Protein chains: 2
Amino acid sequence: MTRTRTNPDFLNGIPELLILEHLTRRPMYGYELVRAIEESSGQQFQFGEGCIYPLLHRLEEAGHLSSKRETVAGRSRVIYRVTAPGKRKLAETIESWQRVVDTVNHILEGHQDGLPAVS
Amino acid sequence: MTRTRTNPDFLNGIPELLILEHLTRRPMYGYELVRAIEESSGQQFQFGEGCIYPLLHRLEEAGHLSSKRETVAGRSRVIYRVTAPGKRKLAETIESWQRVVDTVNHILEGHQDGLPAVS
DNA sequence: CCGCCATACCTTACGGTTCGAGGCATGACA
DNA sequence: TGTCATGCCTCGAACCGTAAGGTATGGCGG
């Protein structure tokens with residue numbers, strides 16, 4: 001398959017980025033993570049469980065997350081934490097994101113400030 | 001129906017943004033636009049014609065672009081320009097994009113305590 | 001003159017991602 | 001006892017970008 005992407009990711013992919021970022025700071029379980037993302041984004045991002053859970057499974061299967069089961073007050077939770085490869089992936093992902101942002105903003109700036117693209 | 005989106009666009013949507021931005025500066029035809037986007041992004045974005053043409057049609061149908069046919073050296077071109085509503089849409093779109101960027105970057109910068117809420 | 005490439009328009013099939021709406025099970029609390 | 005919050009999960013639909021086509025013309029080398 002190999003998909004040979006001509007474009008970087010992150011034209012979507014923000015959920016994945018935020019999952020890795022949040023879990024790097026602090027291991028969490030899915031339900032908790034869903035609300036943490038909501039809160040840390042000031043309610044701007046509301047990725048439902050239908051988005052987050054499958055991503056957690058995919059990331060774990062890829063070796064970027066590890067999980068352990070925990071039972072608290074009769075409640076079973078699956079706690080995820082970021083593995084070493086996961087941290088590497090996060091770094092790459094952030095870099096890729098910044099590149100997209102820089103590129104888009106650079107294009108947009110040529111217009112707003114009349115920066116006449118001094119070539 | 002009506003899809004009531006809880007998330008802003010622009011987790012994808014960069015092609016649309018760039019089309020409006022480029023055509024605001026200078027009317028172009030599709031084929032030209034495809035390469036203009038490639039060039040202005042330093043080859044980072046390579047949205048093929050299969051992405052751009054349908055978008056041009058959709059934007060025109062929505063009233064954000066107008067088109068006129070032109071024949072140069074026996075070659076038929078469809079020149080697109082941004083309408084007044086299209087300019088408004090571009091402004092909104094840029095604002096939405098900036099909001100996403102700010103939110104993500106704010107999270108990446110590490111403050112765990114919700115947003116300082118510049119409402 | 002023929003073949004091929006660049007120009008210029010277009011569409012279709014496909015895959016990946018997110019979204020909404022569910023389903024299941026337990027504990028807390030009124 | 002019933003209803004809510006917690007906590008896990010999956011499925012179908014919708015949407016977007018990609019690759020890979022198809023059509024037609026003009027210019028060029030051979």
Side-chain angles (χ1 to χ4, degrees), chain A residues 1-20 27-38 41 44-62 65 67-80 93 97 100 104, chain B residues 1-19 27-38 41 44-62 65 67-80 93 97 100:
Chain A
M1 290 295 152
T2 340
R3 282 271 294 113
T4 57
R5 329 189 38 102
T6 58
N7 282 312
D9 250 329
F10 289 119
L11 312 184
N12 19 357
I14 274 111
E16 194 181 276
L17 168 61
L18 294 185
I19 287 176
L20 288 171
M28 296 194 223
Y29 51 100
Y31 194 75
E32 191 184 7
L33 182 60
V34 169
R35 330 265 276 303
I37 290 179
E38 260 182 57
S41 73
Q44 245 203 77
F45 301 138
Q46 300 188 3
F47 303 115
E49 305 176 11
C51 173
I52 298 301
Y53 280 119
L55 258 170
L56 287 172
H57 301 157
R58 218 186 306 156
L59 285 168
E60 181 175 20
E61 190 164 8
L65 298 180
S67 72
K68 99 180 121 100
R69 206 152 200 111
E70 207 183 78
T71 300
V72 173
R75 284 240 154 73
S76 174
R77 297 168 174 175
V78 184
I79 313 257
Y80 291 92
T93 299
W97 158 254
V100 169
V104 172
Chain B
M1 308 288 168
T2 335
R3 281 268 300 104
T4 56
R5 325 188 43 100
T6 58
N7 284 309
D9 249 330
F10 290 124
L11 312 182
N12 19 353
I14 274 110
E16 193 181 276
L17 168 60
L18 293 185
I19 287 176
M28 294 194 223
Y29 52 99
Y31 194 75
E32 191 185 7
L33 182 59
V34 169
R35 331 264 279 299
I37 290 179
E38 260 182 58
S41 72
Q44 246 203 78
F45 302 138
Q46 300 187 5
F47 304 114
E49 307 177 10
C51 173
I52 298 301
Y53 281 118
L55 259 170
L56 287 173
H57 301 156
R58 218 186 307 156
L59 285 168
E60 181 175 19
E61 189 164 7
L65 297 180
S67 72
K68 98 183 124 101
R69 205 152 200 111
E70 207 184 76
T71 300
V72 173
R75 284 244 154 70
S76 174
R77 297 169 173 173
V78 184
I79 313 256
Y80 291 92
T93 300
W97 158 255
V100 169

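So that the names make sense, note that chain A is the first sequence line, chain B the second, and so on, each numbered from 1. Keep in mind the model is a prediction, meaning the values are calculated, not measured. Keep in mind that the numbers below use all heavy atoms, side chains included, and drop hydrogens, waters and symmetry copies.
Remark: Tyr80(B) OH to Glu32(B) CD distance equals 13.0 Å, nearest 0.5 Å. Note that CZ of Arg58(A) is 11.5 Å distant from CG of Leu65(A), once rounded to the nearest 0.5 Å. The distance from atom CD of Glu38(A) to atom CG of Leu33(A), rounded to the nearest 0.5 Å, is 11.0 Å. Atom CG of Leu55(B) sits about 13.5 Å away from atom CD of Glu49(B), to the nearest 0.5 Å.
Rounded to whole angstrom, the span from the CE atom of Met28(B) across to the P atom of dC9(C) amounts to 12 Å. Here the P atom of nucleotide dC16(D) and the CG atom of Leu17(B) are 14 Å apart, to the nearest Å. At whole-Å resolution of the value, CZ in Arg69(B) and P in dT25(D) are 13 Å apart. Ile52(B) has its CD1 atom 12 Å from the C1' atom of dC16(D), to the nearest Å. One atom, CZ of Phe47(B), and another, P of dC15(D), lie 20 Å apart when rounded to the nearest Å. For Gln46(B) and dA19(D), the CD to C1' distance is 13 Å, given to the nearest whole Å. Taking atom OH of residue Tyr31(B) and atom C1' of nucleotide dC10(C), one finds them 14 Å apart after rounding to whole Å. Leu56(B) has its CG atom 8 Å from the P atom of dC10(C), to the nearest Å.
Ranking dT7(C), dG17(D), dT17(C) by closeness to the Asn12(A) side chain, first place goes to dT17(C). The side chain of Tyr53(B) has dC10(C) as its nearest neighbour among dC16(D), dC10(C), dG7(D). Side-chain proximity of Tyr80(A) to the nucleotides dA8(C), dT18(C), dC9(D) is greatest for dC9(D).
For the residue pair Tyr53(A) and Tyr31(A), the shortest heavy atom distance occurs at OH-N, 3.4 Å. Nearest heavy-atom pair, Pro15(A) versus Phe47(A), reported as atom, atom and distance to 0.1 Å: CG-CE2, 3.6 Å. Across all non-hydrogen atoms, the minimal contact from Arg69(B) to Ser76(B) is NE-OG, 3.0 Å. Between Ser67(A) and Val78(A) the shortest heavy-atom distance is CB-CG1, 3.7 Å.
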List, with names and distances, any nitrogen or oxygen atoms from the protein found under 3.5 Å away from nitrogen or oxygen atoms belonging to nucleotides 21-23 of chain D.
none

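Between dT6(D) and Arg35(A), a contact under 4.0 Å exists linking OP1 or OP2 to a side-chain N or O. Between His57(A) and dC8(D) there is no side-chain N or O to OP1 or OP2 distance below 4.0 Å. OP1 or OP2 of dT17(C) has at least one side-chain nitrogen or oxygen of Arg58(A) nearer than 4.0 Å.
Counting non-hydrogen atoms under 4.0 angstrom, Gly30(A) reaches the backbone sugars and phosphates but no base.
In this structure, Ile19(B) and Ile37(B) have side chains that are in contact, with non-hydrogen atoms separated by less than 4.5 Å.
The side chain to side chain contact (heavy atoms under 4.5 Å, CB included) test applied to Ser41(B) returns Thr103(A), Ile107(A), Gln44(B), Phe45(B), not counting sequence neighbours.
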Protein proximity profile, nucleotides 25-30 of chain C - base contact B, sugar-phosphate-only contact S, no contact -, cut-off 4.0 Å on heavy atoms: -BB---
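Nearest-nucleotide positions on DNA chain C place Arg77(B) closer to the 5' end than the other of Arg77(B) and Pro54(B).
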